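Side-chain atoms are counted along with the backbone in the values below, which use heavy atoms only and exclude waters and symmetry mates. Bear in mind that the values here come from a model prediction, so they are computed numbers and not experimental data. Order of appearance sets the numbers: ligands from 1, and atoms from 1 within every ligand.
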Amino acid sequence: MIEQVKGTQNIFENDADKFLYIRNKFFSVFNNSGYSYVQTPHLEYSELFEKSIGQNSEIVTKQMYQFKDKGGRSLVLRPEGTSSIVRYHSQYQKDITNQYSYFGQMFRYENPQKNRYREFTQGGIEIIGNIDTFSDFQIINDSIKFLTELELKFTLEINTIGSIKDRENYTKELYNYFKLNENELSDESKEKLEINTLRILDSNNQEDIPIINKAPVITSYINEESLNKYGLLKTILLKNNIPFKENTSLVRGLDYYNDLTFEFVGEDGLVLGGGGRYDRLAEILNIGTFNGVGVAFGIERIMNTITAKNTNPKIYIIGLNLEKITSYCHLLDKNGIDYYKPPRLSKINTQFKNAKNFNVKYVVNTDEDTIKDLENNISIDFNIEVLIDN
Ligand code: HAM
C-alpha cells in the first residue's frame, strides 16, 4: 500500500463541511470589506524566505521543503504567504496602497501532531503601501469580525517589539542573560541560544519558565516613536471596546516584524492566528520602501475548534426518468433551492435509502410528482412553495 505523507491530511465529510464553511466566511468577511483576493504560487525561490523570514529563524533553518529543480534552481514550497504577497505588490502594485487576502496551503517540516501539520491551510490578509495605525487597527478589527462570525472564543494578545535596531539591542541583552543561566535551560532552548535567542521566550517547557519570567523585558529597549504608536493603538482599541492582553514575550518567529505583533489565542491556548507590522520587509528584499501589516489564520486549527454547521441541502430528488429529473432540477435551480440527486439511475429503493443517508428533510419523487417529509413520513402532491418555505 502507498502510504499518505506524514503530516498531510485528507479533509472530508464533517471536516470538509467545516472547512468550506470557514472558507466561505473568510471571503464574505474580508472580500466584502475591501480586501482583494490574490493567489500567489506555491513554489518560490528559496532566497525569498531566507531573506524575509530570516536565515536563523526556525522556519528557514529546519522547516522548509527545499529542493533543486531540474534546472538546478533552489526552490521551496512556501512556508507562509506574506513574503509572496509583498513580492507580488512590488511587481504589480508598487505605487499604491492596497488590501489583499489569500487562502491556501503552506508547508513546514514540523513534528506532526493535532493542530500542527506539515501541509496546512492559512487564510491571511495584508495592507501594504503607505500605512498608519488605523491600518493596524483595521487588520485587528476585521480579524475580530471574522472570528466572531465563526462564534469562536479568543483573547487578543498584543505587543510592540520596536524597531529592528531596538530588537538587536534587546537580543544582545537577552543573550547575555540566558548565557549566564544556560545550565538551567531546556536542551531545546540551549539549541536556540546561539541562533535564535528571542525564540526562547516562546518556550512552553516547564524547565525554562522560571528563567524566562526573570528575563529582561523588551519594553525597556523600545524607542519613543514606537512606544507612542503602540500607545495610540491601545487607545484606539480601548475606545472601540476591544479587549486585549499585553504580552511582552510575544516576539513571534519571523524576523520581518517591527513594532506591532499580535496573536488571537483560543480558549485552550491554541494560537488561531497571528501577525504584525513589517515596515522593512520590502527593503530587506530590495524591492521597494513600502510598509505592511497583516495577519494569517490557521484554518485547520479553526476547523478543529468550531462545532459543525449544517448548511447542507434539505432536499433529495429521486426518480427513474432522466428527463423528468432534469426538469425538476431546473425548476429548483430557477428558485435558488439546493438539493441532492442520485449519482446514477439506481433502483428507486436504493435512491430512497441514499436520501435517508444524507439526512434530508424532503424527498421529491419525480416519478410520482410528490414530496415526502421524512420527519413525519407524510407524502403530498408536489408543490414548489413547500420547498421555498423551508
Ligand atoms: P505564523 O504565526 O507562522 O505567521 O502562522 C500563522 C498561523 O498559521 C498560526 O497562528 C497558526 O494558526 C497557523 N499555523 C502555523 N503553522 C502551522 C502548522 N504547522 N499547522 C497548522 N497551523 C499552522 C505567519 O505565517 C505570518 N505570515 C502571518 C502574517 C501575515 N504576518 C503578517 N501578515
| task | Could you say whether the N/O atoms of Val295 and ligand 1 ever approach to under 3.5 Å? | result | yes
| Would Lys324 and Asp369 pass as an ion pair if we require N to O under 4.0 Å? | yes
| field | Under 3.5 Å side-chain donor-acceptor pair for Gln122 and Glu300 | value | no
| said: Can you check which of Arg118, Glu263, Arg108 brings a heavy atom nearest to atom 3 (O) of ligand 1? | reply: Arg108
| said: Quick check on the hydrophobic clustering: are Ile128 and Phe103 connected, directly or via other members, by side-chain heavy-atom contacts under 4.5 Å? | reply: no
| query | Any side-chain heavy atom of Ile325 within less than 4.5 Å of one from Ile317? | reply | yes
| Region of Ile59 that comes within reach of ligand 1 [heavy atoms, distance under 4.0 Å] | neither
| query | Tyr256 heavy atoms, cut-off 4.0 Å: which ligand 1 atoms fall inside? | reply | 26 (C), 27 (N), 31 (N)
| said: Which residue and atom name correspond to the protein heavy atom nearest atom 13 (C) of ligand 1, and how close is it? | reply: Gly298 CA, 3.6 Å
| task | Measure centre to centre between the rings of Tyr328 and Tyr339, then say whether the value is under 6.0 Å. | result | no
| request: May I ask you to identify the nearest protein heavy atom to atom 30 (C) of ligand 1, giving residue, atom name and distance to one decimal place in Å? | output: Thr82 OG1, 3.0 Å
| said: When you measure from the heavy atoms of Glu300 to every atom of ligand 1, does any distance fall below 4.0 Å? | reply: no
| Protein contact of atom 8 (O) of ligand 1 - nearest heavy atom, named by residue and atom, plus distance | Gln122 NE2, 3.2 Å
| message | Under 4.0 Å from a heavy atom of Glu110: which atoms of ligand 1 are those, numbered in the order shown and with their elements? | response | 16 (N), 18 (C), 19 (N)
| Can you tell if the side chain of Phe264 reaches within under 4.5 Å of the side chain of Leu152, non-hydrogen atoms only? | no
| message | Heavy atoms only: which of Glu80, Arg252, Arg301 lies closest to atom 4 (O) of ligand 1? | response | Arg252
| message | Is it true that Glu283 and Thr289 share a donor-acceptor pair across their side chains at a distance under 3.5 Å? | response | no
| message | Quick check on contacts: which atoms of ligand 1 are under 4.0 angstrom from a heavy atom of Arg116? | response | 19 (N), 20 (N)
| task | Check whether any side-chain heavy atom of Arg301 lies under 4.5 Å from a side-chain heavy atom of Arg116, and answer yes or no. | result | yes
| message | Under a plain distance cut-off of 3.5 Å, with no hydrogens placed, do Gln93 and Tyr88 share a side-chain donor-acceptor pair? | response | yes
| query | Using a distance-only test with no angle check, is there a side-chain donor-acceptor pair under 3.5 angstrom linking Thr121 and Gln105? | reply | no
| message | Side chain or backbone, does Phe120 bring an N or O within less than 3.5 Å of an N or O on ligand 1? | response | no
| message | Do Ile371 and Val363 make a side-chain contact, defined as non-hydrogen atoms from C-beta onward lying under 4.5 Å apart? | response | no
| Check: Tyr100 ring centre within less than 6.0 Å of Tyr35 ring centre | no
| field | N/O donor-acceptor pair under 3.5 Å between Asn258 side chain and Asp279 backbone | value | yes
| message | In the structure I gave you, are the side-chain heavy atoms of Asn247 and Ile158 within less than 4.5 Å of one another anywhere? | response | no
| task | Check whether any N or O atom of Ala296, backbone or side chain, sits under 3.5 Å from an N or O atom of ligand 1, and answer yes or no. | result | no
| task | For Tyr102, take its heavy atoms, then give the atoms of ligand 1 lying under 4.0 Å from any of them. | result | 30 (C)
| task | Check the side chains of Thr82 and Tyr256 for a donor-acceptor pair under 3.5 angstrom, ignoring hydrogens and angles. | result | yes
| For ligand 1, is there an N or O atom under 3.5 Å from any N or O atom of Leu272? | yes
| query | Could a heavy atom of Tyr109 be found less than 4.0 Å from some atom of ligand 1? | reply | no
| Can you tell me which residue and heavy atom of the protein come closest to atom 20 (N) of ligand 1, and the distance to 0.1 Å? | Tyr117 N, 3.0 Å
| So is Tyr257 polar-close to ligand 1, meaning N/O to N/O under 3.5 Å? | yes
| message | Under 4.0 Å, counting heavy atoms only: does Gly124 come that close to any atom of ligand 1? | response | no
| Quick one: does Arg277 get a heavy atom under 4.0 Å from ligand 1? | no
| said: Just to confirm my output: which protein heavy-atom neighbour is closest to atom 21 (C) of ligand 1, and how far is it? | reply: Asn115 O, 3.4 Å
| task | Just jot down the ligand 1 atoms closer than 4.0 angstrom to any heavy atom of Gly274, in number order. | result | 10 (O), 28 (C), 29 (C)
| task | Around atom 12 (O) of ligand 1, find the nearest protein heavy atom and jot down its residue, atom name and distance. | result | Val271 O, 3.0 Å
| task | Identify, by atom number and element, the atoms of ligand 1 in contact range of Glu126, meaning under 4.0 Å from any of its heavy atoms. | result | 30 (C), 32 (C), 33 (N)
| field | Shortest protein heavy-atom distance from atom 32 (C) of ligand 1, along with the residue and atom involved | value | Gly294 O, 3.3 Å
